[in-house]
There are 2 protein chains.
Amino acid sequence: MTPQDQPATGKGAETRARILETSLRLFRERGYDATTMRLIAAEAGVSVGNAYYYFKSKETLIQAFYLRTHEEHLVACVEVLASEEGFEHRLLGVMDAKLRTIEPYHRFSGILFKTAADPESALNPFSAESLPTRRESTALFARVIEGTELKVSSDLWAELPNLLWIYHMGVVLFWIHDRSEGRRRTHRLVEHTVPLISRVVRLGSLPLLRSLTRRSTAFLRELRDEIELPEASDAS
Amino acid sequence: MTPQDQPATGKGAETRARILETSLRLFRERGYDATTMRLIAAEAGVSVGNAYYYFKSKETLIQAFYLRTHEEHLVACVEVLASEEGFEHRLLGVMDAKLRTIEPYHRFSGILFKTAADPESALNPFSAESLPTRRESTALFARVIEGTELKVSSDLWAELPNLLWIYHMGVVLFWIHDRSEGRRRTHRLVEHTVPLISRVVRLGSLPLLRSLTRRSTAFLRELRDEIELPEASDAS
DNA sequence: GTCTATAACCGGATAGAC
DNA sequence: GTCTATCCGGTTATAGAC
């Protein structure tokens with residue numbers, strides 16, 4: 001139906017790609033607000049109406065950006081995940097890869113979180129529409145803990161990928177607001193919090209903390225089920 | 001100079017108030033987007049240009065909303081903070097008061113926090129412009145721990161208000177995305193996490209976790225200083 | 001110097017012709 | 001699938017009234 005999702009392989013696919021590339025370049029170069037739809041259209045050599053034929057709104061272009069950086073992140077993680085074995089090194093590597101992947105877009109990141117914070121927007125990472133992407137992203141963190149020496153209880157093991165995904169969202173939030181040169185503060189944050197997480201996770205297995213861990217994971221699981229199941233409200 | 005901050009006590013003060021009340025009412029009734037500046041002006045019985053004379057942008061109206069709910073929250077906390085003595089009860093009371101205060105605005109909270117999330121915006125809670133409000137809000141959490149039986153090391157004690165403020169921001173973020181009836185999920189989240197925080201804080205004093213706590217609080221303090229000092233960059 | 005009103009401008013989005 | 005013309009709403013310029 002709409003040519004707005006999978007460009008498939010028609011003639012217009014090339015036009016679509018041209019508009020997308022142009023807009024991402026302009027976002028990088030001039031930021032989001034300064035990049036008007038009229039400018040994107042002009043630079044891509046199409047009319048405004050035509051740009052809207054392929055992307056139903058300016059925001060939609062952001063979604064394309066998300067997808068792209070996510071894919072780039074996956075690629076950037078391949079090496080660490082293949083070579084490193086320790087939990088800390090793997091997590092650190094994945095987080096570093098993330099920061100490196102999104103850095104070129106820092107200037108335009110403001111708008112990202114802005115739209116991401118809107119509960120109405122399909123772009124927000126907690127929305128039902130984002131579930132597939134979220135699952136994929138969480139799967140990455142599952143790979144971080146798979147095949148490591150990490151010894152944790154099975155209930156924590158099941159929730160850990162989600163917890164790490166949330167942690168990673170928090171880091172991105174910090175990054176967005178980070179005005180230090182080269183995002184120095186965010187890098188320090190990661191370097192400091194990754195070992196912290198590692199230690200806390202290991203501590204969670206101690207008998208002393210067993211009941212606390214168990215209750216927390218149970219609650220987490222319940223919340224997650226409730227949210228991921230498409231509004232299976234009270235009455236059937 | 002600008003009549004946009006303190007209305008003082010002139011004749012225009014009444015006009016300003018009328019515009020503000022009208023817009024807040026319309027936001028509640030029709031949502032943010034459906035409330036145009038032209039409509040606000042018409043309903044308030046002024047011209048569009050006049051509305052802009054008192055509020056430099058539509059966003060500014062949101063700032064007024066913030067201020068109002070913050071003040072309402074303070075009032076709503078007076079009782080718990082005066083009567084309760086235990087840390088858990090005090091924190092729970094303050095969080096409950098928060099949720100109760102903002103609940104009437106849940107419908108259009110998305111847009112509110114959307115603009116607040118923009119790093120460029122003076123409205124965002126992490127901005128330099130928000131420092132005074134942030135300090136005030138953090139002070140509220142300092143009052144939560146003051147005069148309780150809570151026994152924690154002095155370094156953690158110093159950082160705890162900030163940590164609780166961040167926790168409270170996270171809860172609000174969850175609340176924004178909470179579509180359950182009566183915000184049931186958020187309430188459960190608070191009920192579950194408050195005791196968890198209490199337990200973790202107490203555990204932090206154990207010898208086993210002493211070094212972990214010390215290193216974390218040191219890092220937190222450093223980060224906070226760096227952020228709160230107005231960009232005291234490398235070179236003087 | 002305080003306040004008000006009208007007429008634009010600008011950019012996101014849409015309608016409808018080709 | 002592509003274009004032109006147009007709408008709509010936030011915002012600003014400007015001219016002036018009290």
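Residue numbering restarts at 1 for every chain, and letters A, B, ... go by the order of the sequence lines.
For the side chain to side chain donor-acceptor pair (under 3.5 Å) condition, the pairs that include at least one residue of residues 64-82 of chain B, sequence neighbours left out, are B:Glu21-B:Arg68, B:His70-B:Glu136.
Just one of B:Arg183, B:Arg185, B:Arg179, B:Arg184 meets the salt bridge (charged side-chain N to carboxylate O under 4.0 Å, His left out) condition when paired with B:Glu181; it is B:Arg184.
We find that A:Glu29 and A:Arg107 are not joined by a salt bridge, their nearest charged nitrogen and carboxylate oxygen being 4.0 Å or further apart. Salt bridge B:Arg100/B:Asp96: absent, no basic N to carboxylate O contact under 4.0 Å.
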Derivation and outcome, side chain to side chain contact (heavy atoms under 4.5 Å, CB included), residues B:Phe141 and B:Leu91
CA-CA 8 Å; B:Phe141 290 103; B:Leu91 181 55; 4.1 Å; yes
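Here the P atom of nucleotide C:dA13 and the CD1 atom of A:Ile40 are 10 Å apart, to the nearest Å. For A:Phe55 and C:dT14, the CZ to C1' distance is 18 Å, given to the nearest whole Å. Separating the OH atom of A:Tyr54 from the P atom of C:dA13 is a distance of 19 Å, rounded to the nearest angstrom. Residue A:Arg18 contributes atom CZ, which lies 8 Å from atom P of D:dT2 at whole-angstrom precision.
Using a 4.0 Å heavy-atom cutoff across all strands shown, A:Val46 reaches sugar-phosphate atoms only and no base atom.
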Nucleotide N/O to protein N/O under 3.5 Å, stretch nucleotides 7-10 of chain D:
from	atom 1	to	atom 2	distance (Å)
D:dG10	OP1	B:Lys58	NZ	2.8
D:dG10	OP2	B:Met37	N	2.7
D:dG10	N7	B:Arg38	NH1	2.7
D:dG10	O6	B:Arg38	NH2	2.8

Listing time: all N or O pairs from protein to nucleotides 15-18 of chain D that are below 3.5 Å?
none

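A donor atom on one side chain and an acceptor atom on the other are not found under 3.5 Å apart for A:Ser130 and A:Thr133.
Residues passing the side-chain hydrogen bond (donor to acceptor under 3.5 Å, both in side chains) test with B:Tyr32: none are found, sequence neighbours excluded. With sequence neighbours excluded, the residues that form a ring pair (Phe, Tyr, Trp, His ring centres under 6.0 Å) with A:His192 are B:Phe219. The salt bridge (charged side-chain N to carboxylate O under 4.0 Å, His left out) test applied to B:Arg188 returns A:Glu222, not counting sequence neighbours.
For D:dC3, the OP1/OP2 oxygens have no side-chain nitrogen or oxygen of A:Tyr53 closer than 4.0 Å. For C:dC3, neither phosphate oxygen OP1 nor OP2 lies less than 4.0 angstrom from any side-chain nitrogen or oxygen of B:Thr15.
Where B:Gly49 and A:Asn50 meet DNA chain D, the nucleotide closest to each residue was compared, and A:Asn50 sits on the side nearer the 5' end.
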